[in-house]
Number of protein chains: 2
Amino acid sequence: MSATGERRERDRAHRHQLIITAARDLAETEGWDAVTTRRLAERVEYSQPVLYSHFDGKDAIVGAVALAGFDDLATHLRHARQSAPDRPLRALCRAYLGFATERPALYQAMFILPTDLKFASTETPPPLRAAFDEFVSCFRPDNERRELFAEVLWSALHGIAVLSDSGRIPLSGQEQRLDFLVDRLADTTPPMQAPT
Amino acid sequence: MSATGERRERDRAHRHQLIITAARDLAETEGWDAVTTRRLAERVEYSQPVLYSHFDGKDAIVGAVALAGFDDLATHLRHARQSAPDRPLRALCRAYLGFATERPALYQAMFILPTDLKFASTETPPPLRAAFDEFVSCFRPDNERRELFAEVLWSALHGIAVLSDSGRIPLSGQEQRLDFLVDRLADTTPPMQAPT
DNA sequence: ACAGGATGTCTAGCGTTGCTAGAATGCGGC
DNA sequence: GCCGCATTCTAGCAACGCTAGACATCCTGT
(Lines give C-alpha, C1' and ligand atoms only; values in the text may rest on other atoms or scores of the structure.)
Protein backbone atom coordinates (compact mmCIF):
# COMPACT_ATOMS: atom_id res chain seq x y z
CA MET A 1 0.00 0.00 0.00
CA SER A 2 1.25 3.47 -0.92
CA ALA A 3 1.94 6.21 1.56
CA THR A 4 -0.85 8.37 0.30
CA GLY A 5 -3.20 5.44 0.57
CA GLU A 6 -2.35 5.16 4.23
CA ARG A 7 -3.01 8.80 4.72
CA ARG A 8 -6.41 8.48 3.07
CA GLU A 9 -7.17 5.59 5.36
CA ARG A 10 -6.23 7.67 8.38
CA ASP A 11 -8.42 10.50 7.17
CA ARG A 12 -11.23 8.09 6.71
CA ALA A 13 -10.88 6.70 10.22
CA HIS A 14 -10.76 10.23 11.54
CA ARG A 15 -13.96 11.14 9.77
CA HIS A 16 -15.53 7.95 11.05
CA GLN A 17 -14.90 9.11 14.59
CA LEU A 18 -16.03 12.62 13.71
CA ILE A 19 -19.43 11.30 12.71
CA ILE A 20 -19.80 9.37 15.95
CA THR A 21 -18.89 12.28 18.20
CA ALA A 22 -21.05 14.66 16.18
CA ALA A 23 -24.02 12.32 16.56
CA ARG A 24 -23.41 12.01 20.30
CA ASP A 25 -23.02 15.74 20.82
CA LEU A 26 -26.10 16.51 18.83
CA ALA A 27 -28.10 13.94 20.78
CA GLU A 28 -26.85 15.20 24.12
CA THR A 29 -27.73 18.79 23.38
CA GLU A 30 -30.98 18.41 21.47
CA GLY A 31 -32.09 14.82 21.96
CA TRP A 32 -32.04 11.90 19.55
CA ASP A 33 -35.09 13.18 17.70
CA ALA A 34 -32.93 16.00 16.42
CA VAL A 35 -30.32 13.58 15.08
CA THR A 36 -31.42 13.25 11.48
CA THR A 37 -29.12 12.19 8.70
CA ARG A 38 -29.39 15.65 7.17
CA ARG A 39 -28.50 17.56 10.30
CA LEU A 40 -25.73 15.14 11.09
CA ALA A 41 -24.29 15.51 7.60
CA GLU A 42 -24.40 19.27 7.99
CA ARG A 43 -22.53 19.05 11.28
CA VAL A 44 -19.67 17.05 9.83
CA GLU A 45 -19.73 19.26 6.74
CA TYR A 46 -20.30 16.48 4.28
CA SER A 47 -23.33 15.40 2.31
CA GLN A 48 -25.66 12.67 3.47
CA PRO A 49 -24.38 9.78 1.33
CA VAL A 50 -21.01 10.03 3.05
CA LEU A 51 -22.64 8.74 6.23
CA TYR A 52 -23.71 5.63 4.37
CA SER A 53 -20.18 4.93 3.20
CA HIS A 54 -19.19 4.65 6.86
CA PHE A 55 -22.27 3.04 8.39
CA ASP A 56 -25.03 0.79 7.19
CA GLY A 57 -27.64 3.27 8.28
CA LYS A 58 -28.79 5.48 11.08
CA ASP A 59 -29.20 2.60 13.51
CA ALA A 60 -25.58 1.65 12.96
CA ILE A 61 -24.50 5.18 13.86
CA VAL A 62 -26.52 5.02 17.05
CA GLY A 63 -24.95 1.65 17.73
CA ALA A 64 -21.47 3.10 17.31
CA VAL A 65 -22.29 5.87 19.75
CA ALA A 66 -23.61 3.27 22.17
CA LEU A 67 -20.48 1.16 21.85
CA ALA A 68 -18.28 4.12 22.66
CA GLY A 69 -20.60 4.83 25.57
CA PHE A 70 -19.88 1.44 27.05
CA ASP A 71 -16.22 2.34 27.15
CA ASP A 72 -17.10 5.50 29.04
CA LEU A 73 -19.38 3.63 31.39
CA ALA A 74 -16.84 0.90 32.13
CA THR A 75 -14.12 3.34 33.12
CA HIS A 76 -16.63 5.45 35.03
CA LEU A 77 -17.70 2.43 37.06
CA ARG A 78 -14.15 1.23 37.58
CA HIS A 79 -13.02 4.56 38.94
CA ALA A 80 -15.96 4.74 41.28
CA ARG A 81 -15.36 1.22 42.52
CA GLN A 82 -11.65 1.75 43.07
CA SER A 83 -12.03 5.09 44.77
CA ALA A 84 -14.14 3.51 47.51
CA PRO A 85 -12.50 0.16 48.31
CA ASP A 86 -14.52 -0.29 51.47
CA ARG A 87 -17.91 -0.03 49.81
CA PRO A 88 -17.39 -0.79 46.13
CA LEU A 89 -20.95 -1.92 45.54
CA ARG A 90 -22.52 1.27 46.80
CA ALA A 91 -20.03 3.42 44.92
CA LEU A 92 -20.68 1.53 41.69
CA CYS A 93 -24.44 1.81 42.02
CA ARG A 94 -24.25 5.50 42.68
CA ALA A 95 -21.92 5.97 39.75
CA TYR A 96 -24.21 3.99 37.47
CA LEU A 97 -27.25 6.07 38.31
CA GLY A 98 -25.16 9.21 38.02
CA PHE A 99 -24.04 8.22 34.55
CA ALA A 100 -27.61 7.54 33.48
CA THR A 101 -28.96 10.85 34.76
CA GLU A 102 -26.05 13.02 33.67
CA ARG A 103 -25.86 11.63 30.16
CA PRO A 104 -29.39 10.57 29.38
CA ALA A 105 -29.01 10.68 25.61
CA LEU A 106 -25.95 8.48 25.65
CA TYR A 107 -27.68 6.13 28.06
CA GLN A 108 -30.66 5.92 25.74
CA ALA A 109 -28.45 4.95 22.84
CA MET A 110 -26.90 2.21 24.94
CA PHE A 111 -30.02 0.71 26.45
CA ILE A 112 -33.22 1.92 24.91
CA LEU A 113 -32.90 2.80 21.25
CA PRO A 114 -32.93 -0.09 18.81
CA THR A 115 -29.41 -1.30 18.18
CA ASP A 116 -27.63 -4.16 16.49
CA LEU A 117 -25.21 -4.73 19.35
CA LYS A 118 -24.86 -8.31 20.47
CA PHE A 119 -25.10 -8.75 24.19
CA ALA A 120 -24.25 -11.77 26.26
CA SER A 121 -22.85 -13.85 23.44
CA THR A 122 -19.50 -14.91 22.07
CA GLU A 123 -19.43 -11.91 19.77
CA THR A 124 -20.15 -9.43 22.52
CA PRO A 125 -17.88 -6.41 21.97
CA PRO A 126 -15.19 -6.06 24.66
CA PRO A 127 -16.47 -2.72 26.01
CA LEU A 128 -19.80 -4.30 26.86
CA ARG A 129 -18.11 -7.18 28.57
CA ALA A 130 -15.87 -4.79 30.46
CA ALA A 131 -18.81 -2.81 31.76
CA PHE A 132 -20.60 -5.93 32.85
CA ASP A 133 -17.48 -7.23 34.56
CA GLU A 134 -17.46 -4.14 36.71
CA PHE A 135 -20.72 -5.35 38.17
CA VAL A 136 -19.37 -8.83 38.67
CA SER A 137 -16.33 -7.44 40.44
CA CYS A 138 -18.54 -6.04 43.17
CA PHE A 139 -19.19 -9.52 44.47
CA ARG A 140 -16.79 -11.88 46.16
CA PRO A 141 -14.81 -14.22 43.92
CA ASP A 142 -15.97 -17.21 45.96
CA ASN A 143 -19.56 -16.38 45.21
CA GLU A 144 -20.49 -18.96 42.64
CA ARG A 145 -23.52 -17.00 41.55
CA ARG A 146 -21.86 -13.64 41.16
CA GLU A 147 -22.79 -13.43 37.49
CA LEU A 148 -26.41 -13.90 38.46
CA PHE A 149 -26.05 -11.29 41.18
CA ALA A 150 -24.55 -8.92 38.66
CA GLU A 151 -27.35 -9.43 36.17
CA VAL A 152 -30.03 -8.73 38.75
CA LEU A 153 -28.19 -5.74 40.15
CA TRP A 154 -27.70 -4.31 36.70
CA SER A 155 -31.35 -4.90 35.85
CA ALA A 156 -32.53 -3.21 39.01
CA LEU A 157 -30.32 -0.20 38.45
CA HIS A 158 -31.40 0.02 34.85
CA GLY A 159 -35.02 -0.14 35.91
CA ILE A 160 -34.57 2.64 38.42
CA ALA A 161 -32.66 4.74 35.91
CA VAL A 162 -35.14 4.45 33.11
CA LEU A 163 -38.30 4.69 35.19
CA SER A 164 -37.12 7.80 36.97
CA ASP A 165 -35.79 9.36 33.78
CA SER A 166 -39.16 8.99 32.10
CA GLY A 167 -40.93 10.31 35.17
CA ARG A 168 -42.60 7.02 35.99
CA ILE A 169 -41.21 7.05 39.52
CA PRO A 170 -40.33 10.28 41.30
CA LEU A 171 -36.73 11.38 41.57
CA SER A 172 -37.15 12.34 45.20
CA GLY A 173 -36.60 8.92 46.77
CA GLN A 174 -33.61 7.99 44.64
CA GLU A 175 -31.14 7.92 47.49
CA GLN A 176 -33.35 5.71 49.65
CA ARG A 177 -33.96 3.34 46.78
CA LEU A 178 -30.24 3.08 46.25
CA ASP A 179 -29.61 2.41 49.94
CA PHE A 180 -32.29 -0.24 50.00
CA LEU A 181 -31.01 -1.95 46.89
CA VAL A 182 -27.42 -2.05 48.06
CA ASP A 183 -28.50 -3.39 51.43
CA ARG A 184 -30.47 -6.22 49.90
CA LEU A 185 -28.23 -7.25 47.08
CA ALA A 186 -24.84 -7.17 48.75
CA ASP A 187 -23.17 -10.49 49.38
CA THR A 188 -20.87 -9.23 52.11
CA THR A 189 -22.52 -11.44 54.68
CA PRO A 190 -21.85 -15.17 54.42
CA PRO A 191 -24.55 -17.36 52.85
CA MET A 192 -26.73 -17.77 55.97
CA GLN A 193 -29.34 -19.35 53.76
CA ALA A 194 -32.56 -19.17 55.75
CA PRO A 195 -34.54 -22.37 55.16
CA THR A 196 -37.87 -20.59 55.42
CA MET B 1 -80.04 15.70 23.73
CA SER B 2 -81.92 13.86 21.02
CA ALA B 3 -82.09 10.11 20.68
CA THR B 4 -80.18 10.07 17.43
CA GLY B 5 -77.57 12.26 19.00
CA GLU B 6 -77.05 9.66 21.68
CA ARG B 7 -76.72 6.97 19.09
CA ARG B 8 -74.09 8.99 17.27
CA GLU B 9 -72.24 9.42 20.51
CA ARG B 10 -72.32 5.69 21.12
CA ASP B 11 -71.05 5.04 17.62
CA ARG B 12 -68.29 7.49 18.18
CA ALA B 13 -67.22 5.87 21.46
CA HIS B 14 -67.35 2.52 19.73
CA ARG B 15 -65.09 3.71 16.98
CA HIS B 16 -62.77 5.24 19.55
CA GLN B 17 -62.31 1.84 21.09
CA LEU B 18 -61.99 0.27 17.66
CA ILE B 19 -59.00 2.46 16.89
CA ILE B 20 -57.33 1.52 20.16
CA THR B 21 -57.75 -2.20 19.72
CA ALA B 22 -56.73 -2.01 16.06
CA ALA B 23 -53.55 -0.20 17.04
CA ARG B 24 -52.81 -2.75 19.75
CA ASP B 25 -53.46 -5.72 17.49
CA LEU B 26 -51.36 -4.30 14.72
CA ALA B 27 -48.52 -3.62 17.13
CA GLU B 28 -48.74 -7.08 18.65
CA THR B 29 -48.60 -8.83 15.30
CA GLU B 30 -46.17 -6.64 13.38
CA GLY B 31 -44.54 -4.36 15.94
CA TRP B 32 -45.00 -0.67 16.60
CA ASP B 33 -42.97 0.31 13.56
CA ALA B 34 -45.79 -1.07 11.44
CA VAL B 35 -48.34 1.09 13.21
CA THR B 36 -48.51 4.08 10.89
CA THR B 37 -51.47 6.39 10.69
CA ARG B 38 -52.15 5.19 7.15
CA ARG B 39 -52.15 1.50 7.98
CA LEU B 40 -54.18 2.10 11.11
CA ALA B 41 -56.75 4.10 9.17
CA GLU B 42 -56.95 1.29 6.63
CA ARG B 43 -57.55 -1.22 9.40
CA VAL B 44 -60.46 0.66 10.88
CA GLU B 45 -61.75 1.39 7.37
CA TYR B 46 -61.69 5.14 7.70
CA SER B 47 -59.41 7.79 6.32
CA GLN B 48 -56.50 9.21 8.25
CA PRO B 49 -58.07 12.47 9.48
CA VAL B 50 -60.65 10.49 11.42
CA LEU B 51 -57.90 9.38 13.76
CA TYR B 52 -57.15 12.99 14.55
CA SER B 53 -60.75 13.69 15.46
CA HIS B 54 -60.39 11.09 18.22
CA PHE B 55 -56.80 11.62 19.33
CA ASP B 56 -54.36 14.49 19.33
CA GLY B 57 -51.85 12.47 17.37
CA LYS B 58 -50.11 9.16 17.10
CA ASP B 59 -48.53 9.46 20.54
CA ALA B 60 -51.97 9.88 22.07
CA ILE B 61 -53.12 6.67 20.41
CA VAL B 62 -50.12 4.83 21.83
CA GLY B 63 -50.94 6.38 25.17
CA ALA B 64 -54.50 5.11 25.01
CA VAL B 65 -53.25 1.61 24.24
CA ALA B 66 -50.86 1.88 27.16
CA LEU B 67 -53.60 3.04 29.51
CA ALA B 68 -55.78 0.08 28.60
CA GLY B 69 -52.73 -2.10 29.09
CA PHE B 70 -52.42 -0.97 32.68
CA ASP B 71 -55.91 -2.23 33.31
CA ASP B 72 -54.91 -5.58 31.89
CA LEU B 73 -51.74 -5.63 33.92
CA ALA B 74 -53.48 -4.72 37.17
CA THR B 75 -56.02 -7.50 36.92
CA HIS B 76 -53.34 -9.92 35.73
CA LEU B 77 -51.24 -9.17 38.78
CA ARG B 78 -54.19 -9.29 41.13
CA HIS B 79 -55.28 -12.69 39.93
CA ALA B 80 -51.77 -14.05 40.27
CA ARG B 81 -51.41 -12.64 43.75
CA GLN B 82 -54.76 -13.97 44.92
CA SER B 83 -54.30 -17.40 43.41
CA ALA B 84 -51.20 -17.98 45.54
CA PRO B 85 -51.99 -16.53 48.97
CA ASP B 86 -48.99 -18.20 50.56
CA ARG B 87 -46.43 -16.64 48.25
CA PRO B 88 -48.02 -13.55 46.73
CA LEU B 89 -44.74 -11.82 46.02
CA ARG B 90 -43.32 -14.65 43.97
CA ALA B 91 -46.56 -15.12 42.08
CA LEU B 92 -46.78 -11.44 41.27
CA CYS B 93 -43.21 -11.28 40.03
CA ARG B 94 -43.69 -14.27 37.82
CA ALA B 95 -46.91 -12.84 36.47
CA TYR B 96 -45.25 -9.51 35.75
CA LEU B 97 -42.44 -11.04 33.77
CA GLY B 98 -44.93 -13.28 32.00
CA PHE B 99 -46.99 -10.28 30.99
CA ALA B 100 -43.92 -8.50 29.66
CA THR B 101 -42.70 -11.44 27.60
CA GLU B 102 -46.07 -12.59 26.31
CA ARG B 103 -47.24 -9.15 25.24
CA PRO B 104 -44.04 -7.31 24.39
CA ALA B 105 -45.66 -4.72 22.14
CA LEU B 106 -48.20 -3.74 24.77
CA TYR B 107 -45.46 -3.61 27.36
CA GLN B 108 -43.43 -1.33 25.13
CA ALA B 109 -46.34 1.06 24.80
CA MET B 110 -46.70 1.16 28.56
CA PHE B 111 -43.10 1.58 29.57
CA ILE B 112 -40.79 2.38 26.70
CA LEU B 113 -42.44 4.38 23.96
CA PRO B 114 -42.85 8.10 24.57
CA THR B 115 -46.17 8.80 26.20
CA ASP B 116 -48.02 11.67 27.80
CA LEU B 117 -49.22 9.60 30.75
CA LYS B 118 -48.64 11.16 34.12
CA PHE B 119 -47.07 8.82 36.63
CA ALA B 120 -46.72 9.24 40.34
CA SER B 121 -48.68 12.45 40.59
CA THR B 122 -52.12 13.58 41.64
CA GLU B 123 -53.39 13.24 38.10
CA THR B 124 -52.16 9.68 37.72
CA PRO B 125 -54.87 7.68 35.94
CA PRO B 126 -56.52 5.09 38.21
CA PRO B 127 -55.34 2.05 36.20
CA LEU B 128 -51.73 3.06 36.74
CA ARG B 129 -52.30 3.52 40.42
CA ALA B 130 -54.11 0.19 40.60
CA ALA B 131 -51.21 -1.64 38.98
CA PHE B 132 -48.72 -0.04 41.30
CA ASP B 133 -50.89 -0.85 44.32
CA GLU B 134 -50.62 -4.51 43.41
CA PHE B 135 -46.92 -4.23 44.08
CA VAL B 136 -47.51 -2.44 47.34
CA SER B 137 -49.95 -5.14 48.44
CA CYS B 138 -47.19 -7.72 48.35
CA PHE B 139 -45.63 -6.18 51.42
CA ARG B 140 -46.93 -6.17 54.94
CA PRO B 141 -49.18 -3.28 55.93
CA ASP B 142 -46.99 -2.57 58.96
CA ASN B 143 -44.02 -2.03 56.69
CA GLU B 144 -43.61 1.71 56.71
CA ARG B 145 -41.46 1.64 53.64
CA ARG B 146 -43.63 -0.60 51.52
CA GLU B 147 -44.01 2.05 48.84
CA LEU B 148 -40.26 2.21 48.58
CA PHE B 149 -40.08 -1.56 48.45
CA ALA B 150 -42.67 -1.57 45.71
CA GLU B 151 -40.80 1.00 43.64
CA VAL B 152 -37.56 -0.92 43.80
CA LEU B 153 -39.23 -4.23 43.11
CA TRP B 154 -41.04 -2.78 40.15
CA SER B 155 -37.86 -1.22 38.85
CA ALA B 156 -35.95 -4.47 39.15
CA LEU B 157 -38.63 -6.42 37.36
CA HIS B 158 -38.86 -3.81 34.67
CA GLY B 159 -35.11 -3.92 34.23
CA ILE B 160 -35.12 -7.67 33.89
CA ALA B 161 -38.03 -7.56 31.49
CA VAL B 162 -36.60 -4.97 29.17
CA LEU B 163 -33.02 -6.17 29.21
CA SER B 164 -34.00 -9.74 28.42
CA ASP B 165 -36.53 -8.67 25.81
CA SER B 166 -33.90 -6.70 23.95
CA GLY B 167 -31.44 -9.56 24.27
CA ARG B 168 -29.12 -7.69 26.59
CA ILE B 169 -29.25 -10.47 29.16
CA PRO B 170 -29.96 -14.08 28.20
CA LEU B 171 -33.39 -15.54 28.76
CA SER B 172 -31.94 -18.74 30.14
CA GLY B 173 -31.42 -17.66 33.73
CA GLN B 174 -34.75 -15.93 34.10
CA GLU B 175 -36.07 -18.34 36.71
CA GLN B 176 -32.99 -18.06 38.86
CA ARG B 177 -33.01 -14.29 38.64
CA LEU B 178 -36.62 -14.30 39.76
CA ASP B 179 -35.87 -16.60 42.69
CA PHE B 180 -32.98 -14.46 43.74
CA LEU B 181 -34.93 -11.25 43.51
CA VAL B 182 -37.87 -12.58 45.49
CA ASP B 183 -35.55 -13.92 48.14
CA ARG B 184 -33.80 -10.63 48.60
CA LEU B 185 -36.68 -8.21 48.36
CA ALA B 186 -39.27 -10.00 50.46
CA ASP B 187 -40.14 -8.46 53.78
CA THR B 188 -41.52 -11.67 55.29
CA THR B 189 -38.83 -11.76 57.92
CA PRO B 190 -39.08 -9.17 60.70
CA PRO B 191 -36.84 -6.10 60.46
CA MET B 192 -33.69 -7.65 62.01
CA GLN B 193 -31.91 -4.48 61.03
CA ALA B 194 -28.26 -5.41 61.02
CA PRO B 195 -26.22 -2.41 62.24
CA THR B 196 -23.37 -3.19 59.84
C1' DA C 1 -91.81 18.18 3.19
C1' DC C 2 -88.13 20.89 2.30
C1' DA C 3 -84.41 24.38 2.58
C1' DG C 4 -80.37 25.77 5.51
C1' DG C 5 -76.96 24.93 8.62
C1' DA C 6 -74.08 22.15 11.21
C1' DT C 7 -71.61 18.02 11.55
C1' DG C 8 -68.82 14.58 9.83
C1' DT C 9 -65.72 12.55 6.28
C1' DC C 10 -62.62 12.37 2.45
C1' DT C 11 -59.22 13.85 -1.11
C1' DA C 12 -55.12 16.01 -1.78
C1' DG C 13 -51.07 17.88 -0.29
C1' DC C 14 -47.18 19.92 2.85
C1' DG C 15 -42.84 19.35 5.05
C1' DT C 16 -39.69 15.94 6.84
C1' DT C 17 -37.71 11.42 7.32
C1' DG C 18 -34.13 7.49 5.93
C1' DC C 19 -31.98 6.09 2.07
C1' DT C 20 -30.05 5.65 -2.92
C1' DA C 21 -29.01 6.10 -8.08
C1' DG C 22 -26.36 8.46 -11.30
C1' DA C 23 -23.78 12.65 -12.43
C1' DA C 24 -19.75 15.30 -11.43
C1' DT C 25 -15.49 15.97 -9.31
C1' DG C 26 -10.78 15.20 -7.93
C1' DC C 27 -6.94 12.34 -7.03
C1' DG C 28 -3.13 8.90 -8.13
C1' DG C 29 -0.32 6.18 -11.49
C1' DC C 30 1.75 5.72 -16.04
C1' DG D 1 -0.38 15.38 -19.50
C1' DC D 2 -3.81 12.15 -19.60
C1' DC D 3 -6.49 8.25 -18.41
C1' DG D 4 -8.94 5.54 -14.83
C1' DC D 5 -10.67 4.89 -10.50
C1' DA D 6 -12.37 6.22 -6.14
C1' DT D 7 -14.92 9.59 -3.83
C1' DT D 8 -18.32 13.01 -3.21
C1' DC D 9 -22.43 15.53 -4.40
C1' DT D 10 -26.98 16.68 -6.51
C1' DA D 11 -31.41 15.19 -7.03
C1' DG D 12 -34.96 12.30 -6.08
C1' DC D 13 -37.99 8.24 -4.13
C1' DA D 14 -41.20 6.25 -1.01
C1' DA D 15 -43.16 6.64 3.43
C1' DC D 16 -43.94 9.26 7.55
C1' DG D 17 -47.17 12.47 10.77
C1' DC D 18 -50.31 15.78 10.13
C1' DT D 19 -53.73 19.35 8.10
C1' DA D 20 -56.54 22.48 4.98
C1' DG D 21 -60.36 22.78 2.22
C1' DA D 22 -63.81 20.42 -0.62
C1' DC D 23 -67.56 17.28 -0.43
C1' DA D 24 -71.34 14.63 1.53
C1' DT D 25 -74.60 13.61 5.09
C1' DC D 26 -77.73 14.24 8.63
C1' DC D 27 -80.49 17.08 11.87
C1' DT D 28 -83.45 20.97 12.67
C1' DG D 29 -86.96 24.74 12.05
C1' DT D 30 -90.64 26.37 9.42
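For the numbers below, each heavy atom of this structure counts, side chains included, while hydrogens, waters and symmetry mates do not.
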*Reading 5' to 3' through nucleotides 7-18 of chain D, protein heavy-atom contacts under 4.0 Å coded B for base, S for sugar-phosphate only, - for none*: SSBB-B---BBB
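With sequence neighbours left out, the salt bridge (Lys or Arg N to Asp or Glu O under 4.0 Å) criterion links A:D142 to A:R140. A search for side chain to side chain contact (heavy atoms under 4.5 Å, CB included) contacts involving A:C93 returns A:L89, A:L153, A:L157, A:L178, A:V182, not counting sequence neighbours. By the side chain to side chain contact (heavy atoms under 4.5 Å, CB included) test, B:H54 is found to be paired with B:R12, B:R15, B:H16, B:I19, B:V50, residues two or more places apart in sequence or in another chain being considered. Every residue meeting the ring-ring contact (aromatic ring centres under 6.0 Å, His included) condition with A:Y107, not counting sequence neighbours, appears here in chain and number order: A:Y96, A:F111, A:H158. The side chain to side chain contact (heavy atoms under 4.5 Å, CB included) test applied to B:A34 returns B:E30, B:R39, not counting sequence neighbours. Residues passing the salt bridge (Lys or Arg N to Asp or Glu O under 4.0 Å) test with B:R94, sequence neighbours excluded: B:E175.
Applying the ring-ring contact (aromatic ring centres under 6.0 Å, His included) test to residues at least two apart or on different chains, the pairs with a partner in residues 165-184 of chain A are A:F180-B:F149.
We find that CZ of A:F55 is positioned 18 Å from C1' of C:dT20, with the value rounded to whole Å.
Against DNA chain D, the stretch residues 16-27 of chain A makes no heavy-atom approach under 4.0 Å.
In this structure, B:D179 pairs ionically with B:R90, as a charged nitrogen and a carboxylate oxygen lie closer than 4.0 Å.
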